[in-house]
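Right, one structure below, let's go through it.
Computed from a predicted model, the values in this text were never measured in an experiment. Numbers restart at 1 for each chain; the letters A, B, ... are given by sequence-line order, proteins then strands.
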Amino acid sequence: MLDYKLEIAKAINKNVDMEIDQIYSMIEIPPQTSMGDYAFPCFQLSKTLRKAPVQIAADLAGKMEKLSFLKEIQQNSGFLNFFIEPSAFIYETTKQTIIEGDRLGSSNEGNGKTVLVEYSSPNIAKPFHVGHAFTTIIGNALYRIYDHLGYKTVRLNHLGDYGTQFGKLISAYKQWGNEADLEEHPIKELLRIYVKFHDEAKENPDLETEARLHFKNLEDGKPEEIALWERFRDLSLKEFSIIYKRLGVEFDDLNGESFYSDKIPEIVNILKDKNLLVESDGAQVVMLEDYNLPPCIILKSDGTTIYASRDVAAVLYRIRNYNFYKNIYVVGNPQALHFRQVFAVAEKMGLEDAKNCIHVGFGLVKFANMKFSTREGNIILLEDLLNECVAKTLEIIRKNQEERCTDMNEEEMLDVAEKVGLAAVIYTFCKNGRDRDIVFSWDEMLDFEGDSAPYVLYTYARCQSIIRKANALNIDYAKLNMDVFANVGNDDEFMLAKLIAGLGESVRKAAESNEPFMLVRQITSIARTFNKFYNNSPIMNNQDENLKKARLALCNATTIAIKTGLQMLGIQTVERM
RNA sequence: GGGUCUAUAGCUCAGCUGGAUAGAGCAACAGCCUUCUAAGCUGUGGGUCGGAGGUUCGAGUCCUCUUAGGCUCACCA
């Protein structure tokens with residue numbers, strides 16, 4: 001599509017001594033539609049031209065050539081305001097959107113570039129709670145966003161499958177493990193014995209020693225410990241996969257901490273060769289004062305490794321195996337310092353690509369005044385949250401069924417409830433900037449009005465309902481031309497088209513800042529504007545056949561924009577609700 | 001104490017590289033279903049953008065200082 005802003009910049013350039021690029025970056029979108037669609041502020045020119053901004057704007061308004069897509073050029077105080085022709089713009093946008101379909105807002109900016117996204121990364125044998133939802137949902141959205149922009153993506157689930165807690169688990173299982181329960185509810189059972197271990201260990205410190213021995217045996221590859229560890233891992237993964245499947249989350253690589261463990265000696269050797277490793281309080285550390293960071297421990301005083309060393313090993317591994325453009329870690333903010341240290345160590349090792357490693361942090365999910373704690377047991381399982389949202393959705397659907405006599409059968413109702421319920425959760429986790437902490441609230445989670453996934457999905461379903469009616473009547477709204485759009489162009493229609501046309505820009509910004517909410521807001525604006533349009537302008541009930549077709553086409557474009565946008569967030573649409 | 005993030009309407013949050021009268025949603029109040037799904041739409045009230053200086057033609061946005069809170073600061077991950 002024609003870049004209106006660029007055309008305007010070129011036109012201004014003919015009258016002003018300034019580079020097109022600079023003019024382009026100065027052009028902005030006015031805060032109100034009454035001020036036009038694009039604006040050029042003339043304040044900066046007043047220095048070089050030695051004239052008042054108002055005068056410059058007025059002079060410019062008189063000299064500007066008339067561009068075909070412009071309706072009008074106005075001078076308003078120090079601004080030059082450009083008004084574009086609505087009907088032509090709506091026509092172009094609608095046509096283009098329908099042509100692009102589910103590739104709307106895509107680009108080839110990522111061609112030939114690989115982006116790694118590490119997300120979810122739950123700990124084996126621990127419940128999957130709402131805290132994990134944040135990284136899983138944001139990571140999944142980022143993967144889809146980069147994918148849409150043409151990047152080759154690799155989805156990494158850096159499983160927490162290593163460490164001393166496995167010694168404890170093995171120890172606990174051997175004493176209190178219940179085989180039947182383990183098969184039935186693996187994580188529940190593993191958590192039970194894990195908690196029991198901690199309780200017992202308070203009285204009996206020998207347990208800790210025993211656990212350390214089991215972990216040592218695990219590291220040394222003793223068959224019994226290995227077998228148990230593998231079993232715990234497999235059972236946990238099986239249970240996680242249920243949630244992943246439900247959420248449409250997939251991975252290309254499940255290499256966790258254990259995978260990188262045997263790659264640490266090489267890191268240690270490289271650091272030694274470069275004289276970066278120094279002893280401090282018995283531990284081997286890399287000093288990072290040149291980065292204004294505290295030292296990074298590579299080997300503990302007992303000679304064993306630590307998570308920082310594993311993450312450095314992972315960086316090296318990923319550099320060698322994927323020639324990445326970006327290596328993104330979707331991990332909570334509390335680990336910000338850890339990643340700065342890891343990346344700094346990698347850089348000191350001479351790994352150039354360390355600068356392309358990005359920690360994408362996010363706030364804590366808090367529960368009123370307390371923190372979630374697995375050991376305390378005050379957690380909300382993600383599964384329970386999903387089920388709760390699905391149940392509430394189903395309740396609303398049944399109520400609508402009675403009031404509205406929708407002819408949905410049981411199967412369809414369950415399917416819709418599942419999709420809408422999950423969408424509500426996904427939406428809530430990516431509707432705001434990542435850095436803020438989320439105070440978990442059932443009220444907010446179950447608020448299906450206004451700024452929410454059900455709102456957007458409802459809009460989509462409404463749109464599809466109209467399109468179904470049009471199709472049933474064999475109304476052909478596929479053949480479009482400018483004549484059909486002659487009478488289109490009221491404020492709602494114009495705004496809707498502008499927002500649809502802006503979807504790609506919002507995807508780009510979301511990727512640039514690794515903030516899916518930028519896309520969420522765009523989609524929500526599209527939905528809100530459509531609802532306004534829907535309420536103010538009859539679509540099917542219209543005497544003017546051309547207007548009817550044009551509006552149907554705009555409806556069609558709206559469904560494409562919403563569906564494509566939601567897909568990038570991992571949200572599925574429903575045809576009715 | 002150092003690092004870092006946050007502070008905008010009663011609540012939850014936007015405000016993208018400084019630009020025109022600071023915007024949404026929720027909650028409150030008042031309306032709209034004999035026309036396309038009321039999980040919707042319209043309207044009203046509600047703000048000294050934590051505080052103080054500064055830079056600028058122009059600051060919620062940039063700089064300095066300051067207040068409050070979250071997270072974090074070596075052998076857990």
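Using a cut-off of 4.0 Å between Lys/Arg side-chain N and Asp/Glu carboxylate O, A/Lys216 and A/Glu219 are scored as not salt-bridged. Ionic pairing of A/Lys509 and A/Glu515 is not present here: no N-O contact between side-chain nitrogen and carboxylate oxygen is shorter than 4.0 angstrom. Between A/Arg508 and A/Glu505 there is a salt bridge, since a side-chain N of the basic residue sits under 4.0 Å from a carboxylate O of the acidic one. Between A/Arg551 and A/Asp544, none of the side-chain N atoms (NZ, or NE/NH1/NH2) sits under 4.0 Å from a carboxylate O, so this pair counts as no salt bridge.
Each of A/Arg310 and A/Asp437 was assigned the nucleotide of RNA chain B with the nearest heavy atom; the assignment lying further toward the 5' end belongs to A/Asp437. Across the interface with RNA chain B, nearest-nucleotide mapping of A/Gln44 and A/Thr305 shows A/Gln44 to be the residue nearer the 5′ end.
Comparing B/rG40, B/rA74, B/rC73 by their nearest atom to the side chain of A/Ile297 picks out B/rA74. Candidate nucleotides B/rA20, B/rG40, B/rG70 were compared by shortest atom distance to the side chain of A/Lys366, and B/rG70 ranks first. Listed nucleotides B/rG19, B/rU72, B/rA77 differ in distance to A/Glu257; the shortest reach to its side chain belongs to B/rA77. In the set B/rA14, B/rA39, B/rA20, B/rA39 carries the atom at the smallest distance from any side-chain atom of A/Ile396. Closest approach to the A/Ile306 side chain among B/rA39, B/rA77, B/rA14 is made by B/rA77 (side chain taken as heavy atoms from C-beta onward). When each of B/rG15, B/rA39, B/rA20 is scored by its nearest atom to the side-chain atoms of A/Met518, the top-ranked nucleotide is B/rG15. Of all nucleotides listed (B/rC36, B/rC41, B/rG25), B/rC36 comes nearest to the side chain of A/Tyr534. If you check B/rG3, B/rA14, B/rA20 against the side chain of A/Pro30, the one that comes closest is B/rA20. Closest to the side chain of A/Glu444, out of B/rC13, B/rU12, B/rU6, is B/rU12. For A/Asp451, the side-chain atoms get nearest to B/rG25 when compared with the rest of B/rG25, B/rU6, B/rA74.
In this structure, the separation between CD1 on A/Ile467 and CD1 on A/Ile475 is 11.5 Å, given to the nearest 0.5 Å.
Within 90° of 0 lies the glycosidic angle of B/rC33, which makes this nucleotide syn.
A/Asn292 comes within contact range of no nucleotide atom at all, as no heavy-atom separation falls under 4.0 Å. Among the heavy atoms of the strands, none lies under 4.0 Å from A/Gln165. A/Ala283 comes within 4.0 angstrom of a base, heavy atoms only.
B/rA24 and B/rU12 make up a base pair, with Watson-Crick or G-U wobble contacts both under 3.5 Å. Nucleotide B/rA7: paired with B/rU67 (Watson-Crick or G-U wobble, both distances less than 3.5 Å). In this entry B/rG46 has no Watson-Crick or G-U wobble partner, no candidate having both defining distances under 3.5 Å. B/rG18 is unpaired under the criterion used here, namely a Watson-Crick or G-U wobble arrangement in which both key atom distances are under 3.5 Å.
Comparing the C1' positions of B/rG60 and B/rG23 gives a spacing of 12 Å, expressed to the nearest Å. Nucleotides B/rU4 and B/rG47 place their C1' atoms 29 Å apart, quoted to the nearest Å.
Judged by distance alone, with hydrogens and angles left aside, A/Lys509 brings a side-chain donor or acceptor within reach of the base of B/rC16, the pair sitting under 3.5 Å. At a cut-off of 3.5 angstrom, the base of B/rA39 holds no donor-acceptor pair with the side chain of A/Thr459. Not a single donor-acceptor contact under 3.5 angstrom links the side-chain atoms of A/Asn432 to the base of B/rA14. Counting atom types as modelled, A/Asp447 pairs no side-chain N or O with a base atom of B/rA39 as donor and acceptor under 3.5 Å.
Residues A/Tyr460 and A/Leu566 have side chains not in contact (no heavy-atom distance under 4.5 Å, counting atoms from C-beta outward). Under the 4.5 Å side-chain criterion, counting only non-hydrogen atoms from C-beta, A/Met495 is not in contact with A/Phe533.
Nucleotide B/rG40 holds its C1' atom 12 Å from the CG atom of A/Asn536, rounded to whole Å. The CG atom of A/Asp443 sits 20 Å away from the P atom of B/rG10 (whole-angstrom rounding). Going from atom CD of A/Gln341 over to atom P of B/rU72 covers 14 Å, rounded to whole Å.
By the criterion of a centre-to-centre distance under 5.5 Å and near-parallel planes under 30°, the ring of A/Phe43 forms no stack with the base of B/rG58.
Not one side-chain nitrogen or oxygen of A/Arg528 sits closer than 4.0 Å to the OP1 or OP2 atom of B/rC41. A/Arg551 has no side-chain polar atom (N or O) that falls below the 4.0 Å cut-off from OP1 or OP2 of B/rC36. Dashed line: the shortest gap from a side-chain N or O of A/Tyr455 to OP1 or OP2 of B/rC41 is under 4.0 Å. Between A/Arg434 and the phosphate of B/rC5, there is no side-chain N or O to OP1/OP2 separation shorter than 4.0 Å.
Side-chain contact of A/Asn157 with A/Ser120: a donor-acceptor pair under 3.5 Å is absent, judged by distance alone.
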